[in-house]
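Contents: one structure, followed by commentary.
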Amino acid sequence: MGILEDHIEWLIQDQFPYVKAQEGWWIQRDGKKVWLRDMEGSHLQNCVGTINRDLKRDVPDEIKQLMRKKKEELRKENARRVE
């Protein structure tokens, strides 16, 4: 791996672990995995807020794409509950 790839991997592991979570899951910064369907609505909203804050940070586009994908997944889960 090159320096950029190593840096991206470090950022994901250290700062944005949720972007590596499998579909339907969220990984908290402490490493705890949480199934989206088990989250309370307020927790889902807090996760979206976390992603919104992280998207404003100066991070590589590759990570921002993963963030947007996870944000969309959270929104779909929230919409599923509203229906």
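Side chains included, hydrogens not; waters and symmetry mates left out as well; all remaining heavy atoms used. This one's a predicted model, so the numbers in the text were calculated from it and none came from an experiment.
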For the pair Arg81 and Leu44, evaluate side chain to side chain contact (heavy atoms under 4.5 Å, CB included) and give the outcome as yes or no after the intermediate values. CA-CA 11 Å; Arg81 293 175 182 201; Leu44 277 173; 3.5 Å; yes
Determine, stepwise, if the pair Arg68 / Glu72 fulfils salt bridge (Lys or Arg N to Asp or Glu O under 4.0 Å). CA-CA 6 Å; Arg68 288 183 188 105; Glu72 183 60 29; over 6 Å; no
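Separation of atoms CG (Asn46) and CD (Glu40) is listed at 10.0 Å; rounding is to 0.5 Å. Note that CZ of Phe16 and NZ of Lys70 are 15.0 Å apart. Values are rounded to the nearest 0.5 Å. To the nearest 0.5 angstrom, Gln22 atom CD is 8.0 Å from Ile27 atom CD1. In this structure, the separation between CD1 on Ile3 and CD1 on Ile8 is 12.5 Å, given to the nearest 0.5 Å. Rounding to the nearest 0.5 Å gives a distance of 5.0 Å between CD of Gln13 and NZ of Lys20. The structure places CG of Asp38 at 11.0 Å from NE2 of His43, a figure rounded to the nearest 0.5 Å.
In this structure, the side chains of Lys69 and Val19 stay at 4.5 Å or more apart for every pair of heavy atoms. In this structure the side chain of Leu66 reaches within 4.5 angstrom of the side chain of Ile12, judged on heavy atoms. Counting only heavy atoms from C-beta outward, the side chains of Pro60 and Leu11 approach each other to under 4.5 Å. Proximity of Arg80 to Arg37: side-chain heavy atoms (C-beta onward) are separated by under 4.5 Å at one or more points. For the pair Lys64 and Arg57, the minimum side-chain heavy-atom distance is 4.5 Å or more.
Although no hydrogens or angles enter the test, the distance criterion places a donor-acceptor pair under 3.5 Å between the side chain of Glu5 and the main chain of Gly2. For the pair Lys71 (side chain) and Val48 (backbone), a donor-acceptor distance under 3.5 Å is absent.
The 12-atom threshold is not exceeded at CG of Asp58, counting heavy atoms of other residues, nucleotides or ligands nearer than 6.0 Å.
Salt bridge annotation for Glu73-Lys76: absent, with no cationic side-chain nitrogen under 4.0 angstrom from a carboxylate oxygen. Under a 4.0 Å N-O distance rule, the pair Arg29/Asp54 qualifies as a salt bridge.
One hydrophobic cluster holds both Val59 and Leu55 under the rule that ILVMFWY side chains link at heavy-atom gaps under 4.5 Å.
Taking the six-membered ring for Trp and thresholds of 30 and 60 degrees, Tyr18 and Trp26 have nearly parallel ring planes, at less than 30 degrees apart.
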